[in-house]
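Inspection log for the structure reproduced underneath, given as structure tokens.
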Amino acid sequence: MHAHDADDTSDPSSPSPVHDAYAAIRRGNFRRYWLGNVLSILGRQMLTVTVVWEVYKRTGDPFDVGLVGLVQVIPVLSLALVAGHVADRFDRKLVLSCAMGLSVSASLGLAAVSYYEWHLAGTYGCLFLLGVARAFLQASKNSLVPQLVPRAIFSNAVTWNLGGFQLASVAGPALGGWTLALFGHAYVVYLIDAAAATTFIVLLAGLRRRRGEVSHETATLKSLAEGISFVWHHKVILGAMALDMFAVLLGGAKALLPVFAKDILHVGPFGYGWLAAAEAIGALTMSLTLMHRPPMARAGRSLLLSVAGFGIAICIFGISRSFTLSFVALFFTGTFDCISVIVRHTLVQMLTPDRMRGRVSAISGMFISTSNELGEFESGTLARFTSPVFAVVFGGIGTLAVVILAAVGNPQLRRYGRLDGGDLRDEGTQRRGEGISVVAIDAAIENARVPDGTDVSPARSAR
């Protein structure tokens, strides 16, 4: 354990310091990263809502809309382990810059296909390249942030990152829809995305960060699989990832927004932009709320309840025939999803040693991509053979079933305590009010070891 980690293992019974909601953003390096990341996400959100609208407009088939997600998730899943190893082996800032460069090229390709009205195969090809870029972006971005801020304020940095993501997600879909309505051409949005990604690359060039451990292993099957082994043996991380994956996989209603906007709610691009932004507005509202509060004291229970609320909101959206009610339902999917994302991402990064963060982040990215893109494909396929309403409601009910299974089958996750790592209730505690026993702490440290004996207990994993 490094010297600067000593303050991270303070006595949980001691008085908590005053919570600083702006601790992370006060740091110049994190602020530059945050700004560039928000701009790039803004452009990507504009691109995402635009490309599904363009594809549905050209074909009128929900299945083709579902393919938009599928062609992006294939390279993410295929390259995730390799991308994680690259993020651990090489300079994460360089990896991130190269991935953003590939993203710029793919966006320019989408603009060309749209402008010249080439075959949709060109659109899917460019989306495939975006998926390749995403595979390396997920591993490098997630593992770079812990090098920008100390462990004590990492949860605050996660909340700021999520708040920035949701801020961009609020403005992105709305701007995408409004740009479509104003210019009438999708290629304008794709060019904006390319410009935003380029700005992020420029901001990254001046970024200084604290270097963490660098893995010098060659890319063997053993090194690639080490992250999988770590996640598999850490039931809290595995449970949080799996819960998020299956819940959003089943509740992937976002892919059907063009169908609901056009054929059920009968609103044009302007209304579609607001519907696409509703979830992000809710998430932004929740992230701003959590930003000004101390880390969660019962994070496991909060995670389960938030995913249950997400499923209920999805069901309400599916049966709604009112634009206002649909907007409100999507708003609450965002508020609940915000809580689950903060808990999951904080757990993954705080409980993972720096030398493995790239690989574990890549695995987390696989779960996210599986839930988002495959969820879109699942919703589009089910809607084609049944109906959009059935697909959405079925997904919401399935999400509630997943929560019940997770609550019963993973008591470690259900009992997880403070999100800032102040206790070890994720691995076992005494009854409420009795505190944490030495036996429970020893068990937590032992269970946090990967099979080769490497010590990755929370007190030693942060760097």
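- Between Phe317 and Phe260, the ring centre distance stays below 6.0 Å.
- Between Trp178 atom CH2 and Met46 atom CE the span is 10.5 Å, to the nearest 0.5 Å.
- One finds the CG atom of Leu129 at 11.5 Å from the CG atom of Leu108 (value rounded to the nearest 0.5 Å).
- Here the closest non-hydrogen pair linking Ile312 and Leu400 is CG1-CD2, 3.9 Å.
- Looking at Thr179, its side chain does come within 3.5 Å of a backbone N or O of Leu175 through a donor-acceptor pair.
- The two residues Pro388 and Val259 make their nearest non-hydrogen contact at CG-CG1, 3.7 Å.
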For this session: Show your working on side chain to side chain donor-acceptor pair (under 3.5 Å) between Arg44 and Ser103 and close with a plain yes or no.
Result: CA-CA 10 Å; Arg44 182 52 47 83; Ser103 179; 2.3 Å; yes
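- The nearest pair of heavy atoms linking Ala133 to Leu102 is N-CD2, 3.8 Å.
- Summarising the geometry of Pro258 relative to Trp53, their closest heavy-atom pair is CB-CE3, 4.5 Å, with the distance given to 0.1 Å.
- Inspection of the Ser326 and Arg321 side chains reveals no N or O donor paired with an N or O acceptor under 3.5 Å.
- Contact record, Ala24 with Val149: CB-CG1, 4.4 Å, taken as the closest heavy-atom pair.
- Within the 4.5 Å cutoff, no side-chain heavy atoms of Phe336 are placed close to those of Val307.
- The shortest distance between side-chain heavy atoms of Leu47 and Leu130 falls below 4.5 Å.
- Other residues, nucleotides and ligands contribute more than 12 heavy atoms inside 6.0 Å of the CZ atom of Phe331.
- Using a 4.5 Å heavy-atom threshold, the side chains of Leu303 and Ile339 count as separate.
- For the pair Leu265 and Phe327, the minimum side-chain heavy-atom distance is 4.5 Å or more.
- Going from atom CG of Leu204 over to atom CG of Leu96 covers 4.5 Å, rounded to the nearest 0.5 Å.
- Between Leu284 atom CG and Thr289 atom OG1 the span is 9.0 Å, to the nearest 0.5 Å.
- Between Ile281 and Trp274 there is a side-chain heavy-atom pair separated by less than 4.5 Å.
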For this session: Please report the C-alpha distance between Phe394 and Thr386 in whole Å, then the side-chain angles of each, then the deciding distance to 0.1 Å, and finally whether the side-chain contact (heavy atoms from CB on, under 4.5 Å) criterion is met.
Result: CA-CA 11 Å; Phe394 175 82; Thr386 57; over 6 Å; no
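- Sequence neighbours left out, not one pair with a member in residues 119-149 passes ring pair (Phe, Tyr, Trp, His ring centres under 6.0 Å).
- A donor-acceptor contact shorter than 3.5 Å is absent between the side chain of Ser78 and the backbone of Pro75.
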For this session: Starting from the C-alpha separation in whole Å, work towards a yes-or-no answer on side-chain contact (heavy atoms from CB on, under 4.5 Å) for Phe310 and Thr399.
Result: CA-CA 8 Å; Phe310 177 86; Thr399 299; 4.2 Å; yes
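- The side-chain heavy atoms of Thr59 and Val65, taken from C-beta on, include no pair separated by under 4.5 Å.
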Problem set entry | Chi angles and distances behind the side-chain contact (heavy atoms from CB on, under 4.5 Å) call for Leu203, Asn37 | CA-CA 9 Å; Leu203 289 171; Asn37 191 41; over 6 Å; no
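- Looking at Leu110 and Ser114, their side chains never come closer than 4.5 Å, going by heavy atoms from C-beta outward.
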Exercise. Hey, mind stepping through Phe165 and Gln45 against side-chain contact (heavy atoms from CB on, under 4.5 Å) and telling me if it holds?
Worked result: CA-CA 10 Å; Phe165 173 84; Gln45 291 293 324; 3.9 Å; yes
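- Expressed to the nearest 0.5 Å, how far SG of Cys315 lies from CD1 of Ile397 amounts to 5.0 Å.
- Taking the side chain to side chain donor-acceptor pair (under 3.5 Å) definition, one finds that Tyr33 meets it with nothing, sequence neighbours left out.
- Put simply, the side chain of Gln72 gets close to the backbone of Val68: a donor and an acceptor are under 3.5 Å apart.
- Between the side chains of Glu54 and Tyr190, at least one donor N or O sits under 3.5 Å from an acceptor N or O.
- When ring centroids are compared, His185 and Tyr187 come within the 6.0 Å threshold.
- Across all non-hydrogen atoms, the minimal contact from Gly318 to Val389 is O-CG1, 3.3 Å.
- Trp160 has its side chain within reach of Ile25: a pair of non-hydrogen atoms, C-beta onward, lies under 4.5 Å apart.
- Between the CG atom of Leu35 and the OG1 atom of Thr199 there is a distance of 9.0 Å, given to the nearest 0.5 Å.
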